[in-house]
Protein chains: 2
Amino acid sequence: MESRCENCIIRQLNALKALDKNELKRISDTKISKNIKKGDFLFEEGEKLNGVFCVRNGVSKLSKMSDNGKDQIIKIATKGEVLGQRSVISEESTNLSAIALNDMEVCFIPKTELAESVNTNPNFTKELLLQMATDLKIADNIIVNMAQKNVRQRISELLLYLEDTFNIDDEGFIGMVFTREDIAGIVGTAKEACIRALSKLNKESLITIKGKRIKLDNKTKLQAIVDGLAN
Amino acid sequence: MESRCENCIIRQLNALKALDKNELKRISDTKISKNIKKGDFLFEEGEKLNGVFCVRNGVSKLSKMSDNGKDQIIKIATKGEVLGQRSVISEESTNLSAIALNDMEVCFIPKTELAESVNTNPNFTKELLLQMATDLKIADNIIVNMAQKNVRQRISELLLYLEDTFNIDDEGFIGMVFTREDIAGIVGTAKEACIRALSKLNKESLITIKGKRIKLDNKTKLQAIVDGLAN
DNA sequence: CGCTCAATTGAGCAACTTCAAAATTAGTGG
DNA sequence: CCACTAATTTTGAAGTTGCTCAATTGAGCG
């Protein structure tokens with residue numbers, strides 16, 4: 001399933017869109033397509049990355065192990081996202097682990113090629129800058145939510161986000177299934193608390209749970225919960 | 001107390017160090033020095049910033065109001081830090097408020113001048129990128145701490161950070177005084193919980209409290225608490 | 001001295017965590 | 001396709017932590 005970056009629409013979703021034809025050729029010649037199986041690491045916290053991973057397909061969780069042994073999911077990365085960008089830019093070992101949540105197709109792009117473009121193409125660098133600025137803003141929001149919202153609010157917010165990100169299947173359920181443990185890891189709580197919050201929302205008819213799948217039945221109310229206007 | 005950027009050592013602490021002589025002259029000609037009094041806003045959440053603020057002296061808190069009306073302090077900014085950078089880069093209104101915690105001297109640099117340098121000086125852009133990458137990593141850590149550490153651990157960590165950042169006075173106390181409410185705002189808790197955690201640390205002889213000032217008496221033990229190896 | 005704001009303490013309550021056990025689901029090999 | 005094992009989900013219950021409201025103390029200031 002090898003293909004050329006020049007023809008890859010995915011790059012429109014990230015900073016690579018600022019590259020010109022020649023740069024794309026260069027990168028396409030050096031990139032390596034990889035298939036990652038569900039559950040496998042793309043990379044692990046502390047690893048020194050020699051490049052970044054551009055997600056063509058599949059979903060990955062970016063997580064960080066805390067001292068107490070539980071890991072906190074910082075971000076869910078989907079098609080078009082570039083992983084490892086931050087640590088490659090600052091030339092440090094990565095502060096996060098990336099694990100595939102389903103089978104993935106990714107392109108590995110060596111950092112030498114990126115560095116080349118950073119040095120010669122100001123538009124690319126600016127695009128990277130914009131990307132980082134956005135990530136930073138998102139991180140600020142997460143910090144506030146973690147500090148000031150309760151589990152019920154954070155889960156409601158996550159559900160709205162997930163439906164938005166993964167769309168819905170033919171039955172109206174969120175088009176991607178997460179284990180309760182992963183949901184708990186995103187929300188930053190114990191999985192039991194997560195399960196209880198979900199089944200409470202279920203009982204209140206705000207969501208429907210069918211196996212592991214979740215459907216949102218009342219987004220308005222869920223949003224109100226997030227905003228602290230309802231409980 | 002007007003002075004020229006060319007002679008200002010502060011810029012070594014941030015991305016402005018990548019500017020060349022001509023750029024520094026240009027910026028020096030357009031910058032505006034301001035004195036901000038304790039308690040005053042540098043800018044307020046939602047405001048459209050026309051430039052950034054380079055801190056020459058004093059301390060500022062960057063905070064974000066959450067829906068429940070409490071504000072969460074995202075960062076404490078000191079000498080050398082540039083505020084408003086993120087929102088100027090992404091040309092959005094700012095997502096944070098900046099309030100002076102003591103009297104401050106800052107230089108306002110118009111965004112047109114920054115944009116000029118971003119467009120013409122790749123080194124400057126790269127410096128900005130590095131800065132953002134660092135900020136992002138810090139934010140990731142904060143998220144994990146918020147999600148997985150308790151108030152006692154977060155406060156211990158903050159104290160170690162504060163002593164490191166503000167040094168100590170002649171009596172060994174941290175060289176900057178924060179209200180308990182601000183500490184609570186940083187740590188993301190109610191001020192009562194913050195007070196109780198502090199006075200517990202005090203009773204245990206890990207810290208000494210004298211009025212509002214705090215001295216660390218056993219950093220090893222405090223670090224152990226942060227790391228979850230002691231309680 | 002009286003006023004105001006910050007700090008402290010107390011007490012009750014709600015939210016979360018943790019450990020343990022039961023129920024359900026998924027996966028594997030025959 | 002079934003049976004069996006492993007893993008995940010769910011529920012229960014006890015114990016902590018942290019939140020909130022209210023009252024008290026203390027410090028700074030005109």
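Values in this document were obtained by computation on a predicted structure and should not be read as measured data. We name chains A, B, ... by the order of the sequence lines, and we start the count at 1 in each one.
One can place NZ of B:K38 at 12 Å from C1' of C:dC5, the figure rounded to the nearest angstrom. Atoms CG (B:N150) and C1' (C:dT17) sit 11 Å apart, rounded to a whole Å. Computed from coordinates, the A:L198 CG to C:dA15 P distance equals 16 Å when rounded to whole Å. For A:N202 and D:dT9, the CG to C1' distance is 14 Å, given to the nearest whole Å. The CD1 atom of A:I195 sits 12 Å away from the C1' atom of C:dT24 (whole-angstrom rounding). In this structure, the CD atom of B:E192 is 12 Å from the P atom of D:dA22, given to the nearest Å. Distance B:I155 CD1 to D:dT17 C1': 13 Å, rounded to the nearest Å. Rounded to whole Å, atom C1' of D:dT17 lies 12 Å from atom CD of B:Q153.
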**Report entry** nucleotides 23-30 of chain D: protein proximity per nucleotide (B base, S sugar-phosphate only, - neither; heavy atom, under 4.0 Å)
**Finding:** --------
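Judged purely by distance below 3.5 Å, without hydrogens or angles, the side chains of B:D217 and B:S205 never pair a donor atom with an acceptor atom. When only modelled atom types and interatomic distance are considered, A:R152 and A:S156 share no side-chain donor-acceptor pair under 3.5 Å.
Only one option out of A:L96, A:V106, A:L62 pairs with A:L83 in a side chain to side chain contact (heavy atoms under 4.5 Å, CB included); it is A:L62.
Within 6.0 Å of atom NZ in A:K79, 12 or fewer heavy atoms from other residues, nucleotides or ligands are found, so the atom counts as exposed in its surroundings. The number of heavy atoms from other shown groups lying within 6.0 Å of NZ (B:K219) does not exceed 12. Counted within 6.0 Å of CD on A:E45, heavy atoms from surrounding residues, nucleotides or ligands total more than 12; the atom is thus considered enclosed. Environment of CG in A:L229: crowded, with over 12 heavy atoms of neighbouring residues, nucleotides or ligands closer than 6.0 Å. Counting non-hydrogen atoms of neighbouring residues, nucleotides and ligands closer than 6.0 angstrom, the CD atom of A:E91 reaches no more than 12 such neighbours.
Of the residues near DNA chain C, A:A193 and A:K212, the one whose nearest nucleotide (by heavy atom distance) lies more toward the 5' end is A:A193. Ranked by how close their nearest DNA chain D nucleotide is to the 5' end, A:A147 and A:I209 are led by A:I209.
Contacts of B:R196 with the nucleic acid, taken as non-hydrogen atoms under 4.0 Å apart, include base atoms. The residue A:K149 sits apart from the nucleic acid: no heavy atom pair falls under 4.0 Å.
Close to D:dT20, at under 4.0 Å from its OP1 or OP2, lies a side-chain N or O of B:K70.
The main-chain N or O of B:G188 is found under 3.5 Å from a side-chain atom of B:R154 such that the two form a donor-acceptor pair.
Contacts with DNA chain D (heavy atom under 4.0 Å) in residues 174-191 of chain B: B:T189, B:A190, listed by number.
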